[in-house]
Amino acid sequence: MAPVSDGLVCLDTGGTIVFVNPSVSKLLGYESEELLERPIDRLFPEAPPDPLGLLVEQAAPPTESHTRDGRKLTLVHRDGHEVPVTLDVNEIEYDHQRFFVAILRDRSGIEEKRRYEAIANTVDDGIYQLDKDGTFVAVNDLIVEATGYEREQLLGAHVSLLLDDDTIDRIERRIRDLLRTGEESTTLDLDVRTANGDLIPYELRMRLLLANDEFVGTVGVVRDISDRLEREREVSRHSAVIESAMDGMGISDETGELRYVNGALAKLHGYDDPEDLVGESWQVLFPDDEARRLEREVLPTVLDRGYWRGEAVGERADGSRFPQEHSLTAHDDGVVCVVRDITARKAREHQLEELNEIARELMSEETHDEIAQTGAEAVEDVLGFEIACVRRFDEKVNQLEPVALTDGARKLLETQTAYDLEATLAGRAFRNEEPLINVVPESDLPEPVSMFEHSSVHVPIGSYGVLSLLVSDDEEFDDSDIHLTEMLAMGIGAALARADRTRLLRTQERELRQQHDQLETLNRINAVNTEISTSLVAATTREELDRTICEHLVGSELYRSAWIGHIEGSGDRIGTAVGVGVEDSYLDTITNTSFSGVAGGAVERVIETHDVQVIRQYQIPGINGTSESEEEREPGEDMEAIAVVPLLYGDRLIGILVLNSVRDEVFCEDAITGFGSLGKIIGFAQNAIKSRELLLADSIVELEFTLRDHSVFYVQVTAELDCRCEFQHAVPIENGRIITYDVISGADPATVLELAEDAPYIERARVVSKQDGEFVLQTVTSRSMVQFALELGTTVQSATADGGEGTVIVEAPQAADIREIVTAFEREFDPLEFVAKREREHSVTSAGEFRAFVADRLTEKQRAALESAYFAGYYDWPRKITAEELADSMEISSSTLHQHLRRGNWCLLSAFFEDQP
C-alpha cells in the first residue's frame, strides 16, 4: 500500500508520464500539466544514462540482489533544490498495454504520509480519488470534460454532486462488502449526472485505499458504456427472432460480424461464453473450406430467396468438426442462423450403413461359428457395446451354448467364472420367441456395482439361438439400439439359414438344383431388401418412402407389382395407397374396398394376425394389380403368387405391403421371414417420418372436434356423474400402451374408479392426488384417443369433457392430409363433429424464458439451497458433501434444507413438465 500523501507517477513503456497525483505537485512543486506527456528524465537533477531501465529494474520481481523495499535516490524540485525520496515501481497491464507506476516517498521527514494503492490506466478513461467521506481529492481531465464541471468545482465536493442517493447507497454497500470479505476492488454500472442534468451510463472499476488496515478512501476508473448499452438494446430488438434456445441461434450484421449468439450455439461450438463469439466473423464457426462453400453457394441463395436450409460442417473451438442442420434467414440488415447438431442422427445413419455391410459380410460367411463371431463383433464395432455373445441352441442337450464372444465378454467370464452372461434371461427370450429387455434401474444397483446387476438385451435368432448384449456401467441403450440389435439378429438368422442351405446343397446332390435356385432367389431378395434399407435413410416423406420401396422391389424383376397401403384408425378401408406396376385406377379401387375384398382376403388376415400372408391364384387380366393383357403374358404365367406383408411399429399395424409375382419360389418360408423383417424396418421408418413431420413443422394445423361418443371413457364419466374432466398429459410406455393423466372435478373418486374397472380399454386406474374438490386420475390404456391421434401422425393438444360432451383439439403438420385425418376421427368416434381448422406457428419456449419462469417460482431461500447444493457437489455421484454438512455451511437445520430442496426441485420439475403461461 502507498500512503495517500506520497507521489504517484504513471509512465508508459517509453518513459513518458501519463498521470501524476496532487502529491507529486506538493512534493516537487510542478503542476500536473507541466509533467503530463513529458519524459521522466526532467525529475532527476542529472538524468541517469537509462532512467527507464532503472524503473524496469525496480519493477522486476525481487531477487537475492534486488529487494522491493525501495531504491533511495534524489529528485529535483521545480525551484531547483534536491528532494531525497524512496522509489518503488510496479508494472501493471491495462487494455493490453503495459505501464509503470512509480511511488515516491519523501525521505526528508517533514511530514508522515499515508499509503494507498493506485490504479493507473490510459488517459482514455476518467480517473478520480475520493476520501473516506466521499469527497473528491483528485480528478483527471476526462472526469472534468465528461461531467461538465470545472476541476475546482469537483475538488472538495461530495460525490452526491454527480450521483443520486440510491447509487451512493449501492456503492457504500459494495464498499462494506469488500471490507468484510477482504477484497480490494469491484466493478459496477451506474448513471452519472452531468452539470447540465444529463444522465450518462458509466462502468466503474473501484479500488479501496487502506492505510494501516483502515479505510481511507477509493480510487476509481470510469468508462462511458453508452455504445455497449446501445449494442445490448440492438440485440433486444432482435430477440423476437429467437424462438428456441434448444437450437443454436445467432445473428450477424451485413459485414458478417456476429452481433448476437445464444448459449446453445456457443456450447455447440465449444465456447463457454457466448460473448467470446460476439464481434467475430461467422466464418470462425466453420472450417475454411466449408466457410468458402457457404459464402460461394449459400449466401447468394439467402440474399436472393431470403432463406436457406441444409446441412453443413461446423467447427468447434478445439478444431474438431461436427455435422449440423443449418437454417439461414435474411432479417433486417443481417442474417439469422439456426443450428442443430445432427451428430446422433448421422451416427444412426452410419450404423444402418454399417449393418448393411455386416449383412453382406454375414451372407458371405461359410460356417455357423464364423457367422456367430461376425455377429457378436458387430455388436461391439457397430452398436458400441463391449459385452456380447451369440448362443446357439443345441438340440441334443436341449441347451443354449455360447459359440461367439466379444473380448469384453470373454474377459468377464475369465474374471467371473460363475457368471453365465444372463443365460436364464436368454433362455426365456428363446422359448418365448421374442426379445427380452432387462432394465435394472440405477436406484436398485447395489454398492459397489458389479456386472451381475446390469441391464441386458436378448434377441432370438429364429430357431438357431439368441444374441445377447450386456450394458456396462459407462454405457447406455435406447429403443433405437434395441431395434438395431433386432435387425442384426435377423441378419444373423438369415445368414445362418443361408449357411444351412449351402451345407445342404453340398451334401445332398439330389436336391442341388432346387436348393441352388432357391438360394439364388433368396440372395436377390436379400439384395433388394438391403437396397431398400439403404434408401430409407434418404426418404423425407411417407409417399417418397413408399414409392422408393416399390420401385426397388419391382426393379429387381422378382415381382411384377408392389403397392403399399396405409391403415388409419379403426376403419375397414385402406387410407391411401402408392404403387409401382399397378394402374392408378386399381389403387383408387382398393381404397374404396373393404379389407376382406382386397388380395383375396389376405389383407384382412394380416390385420387380424400381424403375420405375412401368401396366396396363390390364377391371374385375371386387370385384377390383383396386374395391367398386362393376356397376349402380353409369357407362357406359364397363368399362376401368380401374392404376399401381403404387415408394416409394424412395435405391436401396432400402420400399413401393408402387397407383392405380386409369377415366381412361386420368391415366397418360400425363408423369404417370408425376410419380408417380416422388412415390414418392421419399413414400419419403423414410416413412424419416424410421421413424428419428424410434426416435430420439425414450422407451422401446424389445429383441428377442433366436439365429441359425444359415450364409448370414450371420459365422455361417459362426465355424462353419468355430471362432472368435468380435463386431459393433462400422456406418457407412452411399452407394448403400445399409454399412461394418461386427467383432472376430474365434481365427482367422487371411488365412483370414477368403479366406472374405470368396467371400461374395456383401461387396464389400470388410480387416483394420484386430491385437492379442492378435484383429483388427478392416472390410467393405463391399450387404446385411447391420444394413441389414435399418434397413429395418424398428430397429437392431442387439449381435451375437456363436461356433461357428456367433449372438446378435443388436435395438432397436425401443415403437410398432413387434413381430410384424411378428419375422416379417420369420424370413423373411429361417433357421434363426433368437426368444428374448426386453424393454422398457427409452432410455439417454442426459449431457454431464457424457461429460466425466468423457474426463477419466478422459486423463493430466495429455495434458490439459495438449490444453488449451494449444486455447486457444493451435493448432486454429484458420489456426493462431495452430505446434507448435514451442507446445512451447517448454510447455518440452517438439516430438515429446513431438505424442505427447501424438495420444494425447489418440485418447482423445477413442474416448470419442465407443465405448460408455461
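Atoms considered below: every heavy atom in the structure, side chains included; atoms not considered: hydrogens, waters and symmetry mates. From a predicted model like this one, the values you see are computed outputs, not experimental measurements.
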[atom1] of [X]: more than 12 outside heavy atoms within 6.0 angstrom?
X: Asp584; atom1: CG; result: no
X: Phe834; atom1: CZ; result: yes
X: Arg819; atom1: CZ; result: no

Gap separating the [atom1] atom of [X] from the [atom2] atom of [Y], nearest 0.5 angstrom:
X: Ile358; Y: Ile371; atom1: CD1; atom2: CD1; result: 12.5 Å
X: Leu832; Y: Met785; atom1: CG; atom2: CE; result: 6.5 Å
X: Glu311; Y: Lys346; atom1: CD; atom2: NZ; result: 3.5 Å
X: Glu544; Y: Ile549; atom1: CD; atom2: CD1; result: 10.5 Å
X: Leu355; Y: His350; atom1: CG; atom2: NE2; result: 10.0 Å
X: His566; Y: Leu653; atom1: NE2; atom2: CG; result: 11.0 Å

Those residues that, when tested against [X], pass side-chain hydrogen bond (donor to acceptor under 3.5 Å, both in side chains) (two or more places apart):
X: Thr343; result: Asp341
X: Glu833; result: none
X: Ser456; result: His458
X: Glu604; result: none

Please check this pair: side chain of [X] against backbone of [Y], looking for a donor-acceptor N/O pair closer than 3.5 Å.
X: Thr718; Y: Gly804; value: yes
X: Arg764; Y: Val780; value: no
X: Thr794; Y: Ala789; value: yes

Practice item. Would you check if there is a donor-acceptor pair between the side chains of Tyr714 and Thr779 at a distance under 3.5 Å? Key: yes

Exercise for review: Evaluate the criterion side chain to side chain contact (heavy atoms under 4.5 Å, CB included) for residue pair Arg345 and Glu349; output intermediate values, then yes/no.
Suggested key: CA-CA 6 Å; Arg345 192 182 83 190; Glu349 294 174 359; 3.6 Å; yes

Check your understanding: Below 4.0 angstrom, N of the basic side chain to O of the carboxylate: do Glu608 and Arg605 qualify?
Key -> no

Check your understanding: Of Asp611, Val614, Val645, which meets side chain to side chain contact (heavy atoms under 4.5 Å, CB included) against Ile672?
Key -> Val614

Review point. How are the rings of Phe675 and Phe667 set to each other: parallel, tilted or perpendicular (split at 30° and 60°)?
Key: tilted

Check your understanding: For Trp563 and Ile574, what are the C-alpha separation, side-chain angles and deciding distance, and is it a side chain to side chain contact (heavy atoms under 4.5 Å, CB included)?
Key -> CA-CA 12 Å; Trp563 59 271; Ile574 293 171; 3.8 Å; yes

Exercise for review: Please list all pairs passing the salt bridge (Lys or Arg N to Asp or Glu O under 4.0 Å) test where one or both residues lie in residues 479-493, with sequence neighbours left out.
Suggested key: Arg348-Asp481

Point to revise | Partner residues of Glu805 under the salt bridge (charged side-chain N to carboxylate O under 4.0 Å, His left out) criterion, sequence neighbours left out | key: Arg708

Exercise for review: Verify the ring-centre separation between Phe829 and Phe705: is it less than 6.0 angstrom?
Suggested key: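 Between Phe829 and Phe705, which both carry aromatic rings, the centre distance is not below 6.0 Å.
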
